[in-house]
Number of protein chains: 2
Amino acid sequence: MVMSQRASRLTAGDWADAALDALARGGLAAVAVEPLAARLNTTKGSFYWHFRNRDALIEAALLRWEERGTTEVIAAIETEPDPVVKLRRLFATVIEHGTTHRIELSLLASAGHPAVGPVLRRISERRVDYVARLFGEVGFPPGEARRRAVIGVSVYLGHTQLANTAPAALPESDGERLALISSTVDALLTGAPAAP
Amino acid sequence: MVMSQRASRLTAGDWADAALDALARGGLAAVAVEPLAARLNTTKGSFYWHFRNRDALIEAALLRWEERGTTEVIAAIETEPDPVVKLRRLFATVIEHGTTHRIELSLLASAGHPAVGPVLRRISERRVDYVARLFGEVGFPPGEARRRAVIGVSVYLGHTQLANTAPAALPESDGERLALISSTVDALLTGAPAAP
DNA sequence: GTCAAACCATACGGTCGCGTATGGAACCTG
DNA sequence: CAGGTTCCATACGCGACCGTATGGTTTGAC
């Protein structure tokens, strides 16, 4: 994302992307106007044309991230009709989406920020709701579907955290990590009502 | 921790505790010398007597937190001889230790900081190692013990995240949350070799 | 009470980052 | 090409925070 030569004018989206990069690297404190301008090889004149202030940039960046992390992920999973395959595919994404996860971990530190808290809440609730819906489609009654969803999403989130803080504590290869995640999905599917 | 009247001289530990408080509230950026001094009802003269610089305070605070979060927790759990009870007690702490968790989430945004990264790695690895040992004591072979430990710790961490970001996605009462955690421990203990 | 050590208060200079103001440059349309 | 719109560069003032320097206060030992 370091652009030593800028081809043309920057869009608000360019700035938002740079903000998400900074967020992933150093948390909310790294989303600073002047350092971002330097990375984009421009000055804050551009920034203040596109955004009223830093908070406006943060909000724009968060919405962008939320869209990518939920709507787009769910849309991609939903191309598959079978709920069990959907669950497996969704959980496999824990191993693929490193940057999205890095951003989320960074945001956890700023859950109290007025723009961050609501986004985290929405994305977390949406995730649990979606997984609960998938377990429901598999045939579990609502309460049971929800409990499994909470456990499953917890595993997903915790695995992400460990992958970032102590990768050596996890299996070495992606294959083994995937096997671990799959065995968790298997366990959560245990006791599933007979296929319709 | 706001002390409008200070009874006596501050220790380096007082400063470190104040730093941990700030960390929990606003992340690493909130660990700032002058605001901390204000909260302690003193000035940075005291701070610079006890610490060479801000980084020294951060390191001291992190070590203190690490001690509380691992050594002391494990020591308390280890007063119980039965590994299954130990596991249950350890997992129940996910619901009790709000502040410790708040600090950990805050630190995730600063994993790249030279003092933070190693502490997070150590505490994460130690946690997985300890839980793996407990599953080993229950009778699981090493590889299987480790896999269950990774899943269990992931649930623990993920549950913590959800409790902070979207508490409404979790069961409402502590009792129900504990039941959910217990059912997870149950599932992880499934297939345990016969008691010795 | 004296002295030394431990501790703290304040002033100062410097850097960083924010937001505002102002003028300039690039682009597009007629 | 001219004019208007979009976009950007820079200067400025301000506040927050850091670390250093200096002098003052408190505490403990003799």
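The chains referred to below are lettered A, B, ... by the order of the sequence lines, with proteins before strands, and numbering in each begins at 1.
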Novice: Whole-Å distance between C/dC7 P and B/Asp14 CG?
Specialist: 11 Å
Novice: Using whole Å, what does the distance between atom C1' of nucleotide C/dC7 and atom CG of B/Asn41 come to?
Specialist: 15 Å
Novice: Distance check: side-chain N/O of A/His50 vs OP1/OP2 of D/dT6, anything under 4.0 Å?
Specialist: no
Novice: A/Thr42 side chain N/O closer than 4.0 Å to the phosphate oxygens (OP1, OP2) of D/dA9?
Specialist: yes
Novice: Whether A/Arg88 and A/Glu80 form a salt bridge (side-chain N of Lys/Arg under 4.0 Å from carboxylate O of Asp/Glu) is what I want to check.
Specialist: no
Novice: Looking at every strand, decide which applies to A/Tyr48 at a 4.0 Å heavy-atom threshold: base, sugar-phosphate, or nothing.
Specialist: base
Novice: Tell me: CZ of B/Arg54 to P of D/dC18, nearest whole Å?
Specialist: 6 Å
Novice: Evaluate B/Arg126 against B/Thr71 for side-chain hydrogen bond (donor to acceptor under 3.5 Å, both in side chains), listing each step before the verdict.
Specialist: CA-CA 9 Å; B/Arg126 196 160 174 198; B/Thr71 306; 3.1 Å; yes
Novice: Would you mind checking if B/Asp17 and B/Arg68 are paired as a salt bridge, meaning a charged N to carboxylate O distance below 4.0 Å?
Specialist: yes
Novice: Given that B/Thr11 and A/Gly45 both sit by DNA chain C, which one's nearest nucleotide is further toward the 5' end?
Specialist: B/Thr11
Novice: What's the CZ-P distance between A/Phe51 and D/dC8, to the nearest Å?
Specialist: 11 Å
Novice: Which one, C/dC27, C/dA11, D/dT27, comes nearest to the side chain of A/Arg9?
Specialist: C/dC27
Novice: Could you state the CG-P distance from B/Leu10 to D/dT27, rounded to the nearest angstrom?
Specialist: 13 Å
Novice: Can you tell me the distance, in whole Å, between the CG atom of A/Asp55 and the P atom of C/dC18?
Specialist: 11 Å
Novice: DNA chain D: A/Trp49 or A/Glu34, which has the more 5' nearest nucleotide?
Specialist: A/Trp49
Novice: If we count only N and O atoms by modelled type, under 3.5 Å, do the side chains of B/Thr93 and B/Tyr156 hold a donor and an acceptor together?
Specialist: yes
Novice: Please compare A/Phe47 and A/Lys44 by the position of their nearest nucleotide in DNA chain D and report the one closer to 5'.
Specialist: A/Phe47
